[in-house]
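Only one structure is covered here, and it is reproduced in the block below.
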Amino acid sequence: FAGLFSATIECYTGSRIPKGDDKMNTAFSAKVKDIIMVNVGIVIVAAAVFFFQVPSHVAVSSISGLAIVLHHFLPFSVATLVMALNIILLIMSYFFVSHAFAYKTAYGTIMLPAVLLLFEKLFPNNQSLTGDVFLDVVAYIFFVSIGLSILFNRNTCSGGLDVVAKMMQKYLHMDVGQAMGLAGLCISLLSIFAFDAKSVILSVLGTYFNGILLDHFIFGQTIKKRVCVITTEEKAAILTEFILNRIHSGMSIYDIMGAYSHEMKKEIVAVVDRQEYQKLMAFLEKEDPKAFITVYNVAEIHYTPKKW
């Protein structure tokens, strides 16, 4: 069993189980945690599909929604159809996203329908938990967004439209939520051939709100602020001291000239988190109320952290 576990870890992470090295053991523990979280994300997505989406007959922003529509015409279970569709998209991800993403996606591609099959065996008479289609859609959107955000933040997914969203993110430079929404909208519109008008409308609305909620779970908790401050050289020195030594954030300083006054000014640019942003704005309001300030949302940054 230990040998099988080691081989599984090596296949998934690309690394052997380290021995006798604290740093390597720490890295290994992080990878094991990553694997656990990926499985948690897959189970959450599968539970959302099985307990809320399937009973409600709504095709909300997922390959499982397409499987539900096809299940209306074909003599195969939803889990079987999800497996077949996922394999097709898995092959596409290998060629159009990245090999590493395809390898991790392969795990989710197999595990999601496998968990769905398990649920079908354990709960053969699955019925709506809420007794209301609208509540089913709301619950599905909420839980599937949590599960997908866990997977996307670990550079993997459960297969299906997640692969399409990754391809759209890579080649069309779209947000993941928007990409999921656009791809899911096409699935939602297909439900018109299988279900009534109410299900179609709920599918379309659910797809829209699912994209918004997915963006919130992926980016909303880690979003940062890019603050640009234009001020005098004297105030810039005070502000620099505060940013570097009080909130311990990196920054850049530029010499600029105002087009109207032709006066030389300093522009200070810093990227801060929410707590740092509140402290910075409070400091500016007190120390430099005449400063010209612009603020932008930053969804993602790549950098080497400084040691303070």
Side-chain angles (χ1 to χ4, degrees), residues 40-86 89 108 111-151 157-162 164-165 176-217:
V40 169
I42 290 172
V43 172
I44 292 174
V45 172
V49 170
F50 185 80
F51 293 107
F52 297 110
Q53 187 181 29
V54 173
S56 64
H57 293 158
V58 290
V60 178
S61 188
S62 65
I63 207 67
S64 58
L66 178 58
I68 291 172
V69 174
L70 294 176
H71 177 66
H72 188 78
F73 302 101
L74 301 175
F76 301 105
S77 70
V78 171
T80 302
L81 291 170
V82 170
M83 175 73 79
L85 294 170
N86 274 359
L89 290 170
M111 284 301 298
L112 177 62
V115 176
L116 287 174
L117 284 170
L118 177 62
F119 285 153
E120 287 179 354
K121 297 296 183 182
L122 295 177
F123 309 99
N125 299 316
N126 181 38
Q127 301 293 328
S128 171
L129 296 179
T130 67
D132 184 273
V133 176
F134 178 76
L135 290 179
D136 281 340
V137 173
V138 172
Y140 168 77
I141 292 172
F142 179 76
F143 288 109
V144 84
S145 295
I146 293 175
L148 290 178
S149 66
I150 293 173
L151 297 176
C157 66
S158 59
L161 288 192
D162 305 346
V164 178
V176 173
Q178 292 178 345
M180 287 286 292
L182 182 60
L185 180 62
C186 298
I187 301 297
S188 300
L189 294 176
L190 289 176
S191 64
I192 195 172
F193 299 108
F195 307 115
D196 57 20
K198 180 180 180 181
S199 296
V200 176
I201 293 173
L202 283 174
S203 297
V204 172
L205 292 177
T207 295
Y208 174 75
F209 288 108
N210 184 55
I212 295 176
L213 196 60
L214 182 58
D215 265 346
H216 169 75
F217 278 115

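As the structure is a computational prediction, the values presented were derived from the model and not from experiment.
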Is there a side-chain contact between [X] and [Y] in this structure, where contact means two heavy atoms from C-beta onward sitting under 4.5 Å apart?
X	Y	value
L85	L70	yes
F143	F51	no
V60	Y140	yes
S191	V58	no

CD1 on I150 to CD1 on I44, rounded to 0.5 Å: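 It is 4.0 Å, given to the nearest 0.5 Å.
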Intermediate values then yes/no, side-chain contact (heavy atoms from CB on, under 4.5 Å), K198 and L202: CA-CA 6 Å; K198 180 180 180 181; L202 283 174; 4.2 Å; yes
Residues which pass side chain to side chain donor-acceptor pair (under 3.5 Å) with D136, listed by chain and number, not counting sequence neighbours: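 Partners of D136 under the side chain to side chain donor-acceptor pair (under 3.5 Å) test: S128, T130.
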Contacts of H57 that satisfy ring pair (Phe, Tyr, Trp, His ring centres under 6.0 Å) - sequence neighbours left out: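 With neighbours one apart ignored, the set is F195.
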Trace of the side-chain contact (heavy atoms from CB on, under 4.5 Å) decision for V69 with F193: CA-CA 8 Å; V69 174; F193 299 108; 5.6 Å; no
Candidate pair F142 and V138, rule side-chain contact (heavy atoms from CB on, under 4.5 Å), full reasoning: CA-CA 6 Å; F142 179 76; V138 172; 5.6 Å; no
Atom CZ of F73: over 12 foreign heavy atoms under 6.0 Å: yes
Crowding at CD1, I192 (>12 non-hydrogen neighbours, <6.0 Å):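 Open.
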